[in-house]
Peer 1: 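There's a structure below that I have some questions on.
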Amino acid sequence: MTQQTVDIAIIGAGPVGAALALTLAGAGRSVLLVDRAALPPMEHPDFDGRAYAIAAGSRELLDGAGLWDALPFEPCPIEQIRVSDGKPGRPASPLHLHFDHRDVGDAPFGWIVEARALRMAINRRLAESGIVLHAPAEATVVRHADHAEIAVAGQGRYRAALVVAADGRASTLRAQAGIPVTKFAYRQSAVVCAIAHERSHRNVALEHFLPGGPFAQLPMSDADGAHISAIVFTESHEVAQRLGAMDDGAFTAEVARRLGDHLGGVRLVGRRWTYPLSALHAHRYYASRLALVGDSAHGIHPIAGQGLNLGLRDGIALARLISAADDPGDPALLARYQRARRPDNLMMLAATDALDRLFSTDLPPVRLARDLGLAAVNRMPRLKRAFMRTAMGLSA
């Protein structure tokens with residue numbers, strides 16, 4: 001079988017891998033993209049309740065890939081964020097923290113994008129691109145000092161200057177490269193769904209800290225005349241299992257207990273999903289002719305909705321370095337990529353872990369201290385602006 005040559009091979013066609021592939025192809029690089037899954041089954045025609053929070057500073061990769069303009073459903077801007085503390089079924093503490101995007105500029109903090117919308121945009125753009133795509137397919141990668149060889153089972157052999165591992169938390173390429181990983185599991189599961197509600201969310205996101213873990217209500221664009229929000233909250237594995245076994249009415253009542261009544265009556269839209277939570281961080285982001293991006297390099301608690309954003313910012317940094325390079329797999333370039341991304345990723349890992357541990361407790365002294373802390377930060381404009389810019393993926 002004849003060997004073809006490409007500049008970059010990307011293993012994994014999820015949002016980060018696909019967006020990076022499209023961005024590089026748009027910049028004139030030849031790209032091979034391989035995914036174990038068939039792409040059409042990943043594109044569900046019906047609303048299923050899942051969504052992504054895309055921070056303002058992470059949108060660049062989606063723009064560069066032509067994905068933002070290809071989204072079939074309008075993203076919903078996040079213009080305000082309210083952070084509060086409380087217990088299910090009780091009013092939130094009056095001591096809270098409120099962020100308004102106008103305090104840092106005209107752009108919203110970010111946007112909520114339906115997961116199916118992004119998948120549909122990816123599939124459309126890949127079909128229009130000149131990317132060499134194999135999905136579903138298994139790729140075997142052999143790395144050498146000056147190139148990598150990729151064998152796609154039954155479909156072709158390729159030579160590339162760089163292989164990008166975008167193959168998720170259980171990355172095969174990371175393991176084959178012998179890159180150690182620090183992992184730790186949380187004693188929590190995330191419960192994900194979407195709701196329709198009587199009153200408009202007015203583009204306000206809610207982060208409500210409860211004893212079982214954080215509860216987030218994320219504004220989505222109206223659909224079929226209904227006001228829609230995505231819901232992401234964490235509970236112990238046991239509680240999450242009970243929630244998963246409830247009928248829709250009982251489950252919706254539990255969501256309403258945590259949400260409060262500020263949006264009026266609610267009903268479940270689409271499916272609900274439950275995921276055990278964990279975190280990980282790769283000790284290195286590269287090896288010979290290999291770079292790790294997204295979940296193959298790091299995974300964090302969803303408390304701030306930053307997981308995908310960190311991966312998109314990995315893609316932005318790597319694409320910038322590659323755009324000016326004669327050799328995209330040069331070790332010095334890959335070292336610069338690691339230096340550019342590790343601090344941001346490690347900081348967010350530490351911050352989300354600390355926030356979850358601080359707020360997922362019901363001890364009265366701790367609750368009082370954190371409520372007072374929220375109220376204090378709310379009265380410090382400069383500190384609030386720094387927090388807002390960090391959440392947006394911008395320099396503080």
Side-chain angles (χ1 to χ4, degrees), residues 51 53 55 78 80-100 109-110 112 184-193 195 197 201 204-219 229-240 242-243 253-263 266 274-279 300-307 309 347-380 383-384 386-388 390-392:
I78 304 172
Q80 298 179 61
I81 303 172
R82 181 181 178 89
V83 183
S84 59
D85 191 16
K87 292 184 177 182
R90 299 186 186 180
S93 168
L95 303 176
H96 67 277
L97 183 56
H98 186 264
F99 298 113
D100 190 315
F109 293 115
I112 301 299
F184 51 95
Y186 294 101
R187 292 178 292 181
Q188 298 169 316
S189 290
V191 182
V192 179
C193 65
I195 58 170
H197 39 84
H201 47 56
V204 179
L206 170 68
E207 187 83 27
H208 192 37
F209 292 107
L210 302 170
F215 176 97
Q217 170 256 316
L218 307 170
S229 287
I231 300 294
V232 181
F233 64 104
T234 58
E235 285 288 356
S236 68
H237 298 311
E238 295 76 15
V239 172
R242 290 201 298 272
L243 289 166
E254 289 297 323
V255 172
R257 286 184 67 232
R258 292 160 175 79
L259 176 65
D261 60 2
H262 65 287
L263 295 178
V266 302
T274 303
Y275 307 97
L277 298 181
S278 62
I300 63 173
H301 194 286
I303 190 169
Q306 290 295 317
N309 289 294
M347 181 192 73
M348 196 60 71
L349 171 65
T352 53
D353 181 72
L355 282 172
D356 180 65
R357 296 179 190 278
L358 173 64
F359 283 96
S360 296
T361 178
D362 201 29
L363 293 174
V366 177
R367 290 191 65 208
L368 176 61
R370 70 196 185 202
D371 285 359
L372 291 173
L374 290 176
V377 172
N378 203 45
R379 295 193 295 269
M380 300 178 181
L383 185 57
K384 281 179 65 176
F387 283 153
M388 285 186 274
T390 297
M392 295 169 75

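In this text, all values refer to a predicted model and were calculated from it rather than measured experimentally. Side chains included, hydrogens not; waters and symmetry mates left out as well; all remaining heavy atoms used.
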Peer 1: Is it true that the side chains of His301 and Gln188 contain a donor and an acceptor less than 3.5 Å apart?
Peer 2: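 The criterion, which ignores hydrogens and geometry beyond distance, is satisfied for Gln188 and His301.
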Peer 1: Is any side-chain heavy atom of Arg258 closer than 4.5 Å to a side-chain heavy atom of Glu235?
Peer 2: yes
Peer 1: Going by the rule side-chain hydrogen bond (donor to acceptor under 3.5 Å, both in side chains), which residues pair with Glu207 if we only count those two or more places apart in sequence or in a different chain?
Peer 2: none
Peer 1: Drop me the distance from Ile81's CD1 to Leu206's CG, to the nearest 0.5 angstrom.
Peer 2: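 Nearest 0.5 Å value for the CD1-CG distance: 10.5 Å.
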Peer 1: Which atoms form the tightest heavy-atom contact between Ile303 and Pro214, and what is the distance?
Peer 2: CG1-CG, 3.5 Å
Peer 1: If you look at every heavy atom in Gly213 and Thr234, which pair is closest and at what distance?
Peer 2: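 Taking every non-hydrogen atom into account, CA-OG1, 3.1 Å.
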Peer 1: Any side-chain heavy atom of Leu259 within less than 4.5 Å of one from His197?
Peer 2: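 No, their side chains stay 4.5 Å or more apart.
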Peer 1: So which heavy atom on Tyr275 is nearest to which on Val192, and how close?
Peer 2: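 It is CE1-CG2, 4.0 Å.
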Peer 1: Looking only at heavy atoms, which two atoms of Pro219 and Ile78 are closest? And how far apart?
Peer 2: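 Heavy-atom minimum between the residues: CG-CG1, 4.3 Å.
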Peer 1: Side chain to side chain contact (heavy atoms under 4.5 Å, CB included) with Val204: which residues, sequence neighbours excluded?
Peer 2: Gln80, Arg202
Peer 1: Test of understanding: with salt bridge (Lys or Arg N to Asp or Glu O under 4.0 Å), list the residues that count as partners of Arg242, not counting sequence neighbours.
Peer 2: none
Peer 1: May I ask you to test the His262-Arg82 pair for a side-chain heavy-atom distance under 4.5 Å?
Peer 2: no
Peer 1: His201: which residues meet the side-chain hydrogen bond (donor to acceptor under 3.5 Å, both in side chains) condition with it, sequence neighbours left out?
Peer 2: none
Peer 1: Is any side-chain heavy atom of Asp353 closer than 4.5 Å to one of Phe184?
Peer 2: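 Yes - at least one pair of side-chain heavy atoms lies under 4.5 Å apart.
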Peer 1: Going through the checks in order, is the side chain to side chain contact (heavy atoms under 4.5 Å, CB included) test met by Gln217 and Leu263?
Peer 2: CA-CA 10 Å; Gln217 170 256 316; Leu263 295 178; 3.9 Å; yes
Peer 1: Suppose we screen for side chain to side chain contact (heavy atoms under 4.5 Å, CB included). Which residues come up paired with Ala53, at least two apart in sequence or across chains?
Peer 2: Ile112
Peer 1: How many angstroms lie between CG in Leu210 and CG in Asp85, if you round to the nearest 0.5 Å?
Peer 2: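 So the CG of Leu210 and the CG of Asp85 are separated by 7.5 Å.
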Peer 1: For Ala240, which residues count as a side chain to side chain contact (heavy atoms under 4.5 Å, CB included) partner, sequence neighbours excluded?
Peer 2: Ser189, Val191, Thr274
Peer 1: Are any non-hydrogen side-chain atoms of Leu243 and Phe233 less than 4.5 angstrom apart?
Peer 2: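 A side-chain contact exists here, since the closest heavy-atom pair is under 4.5 Å.
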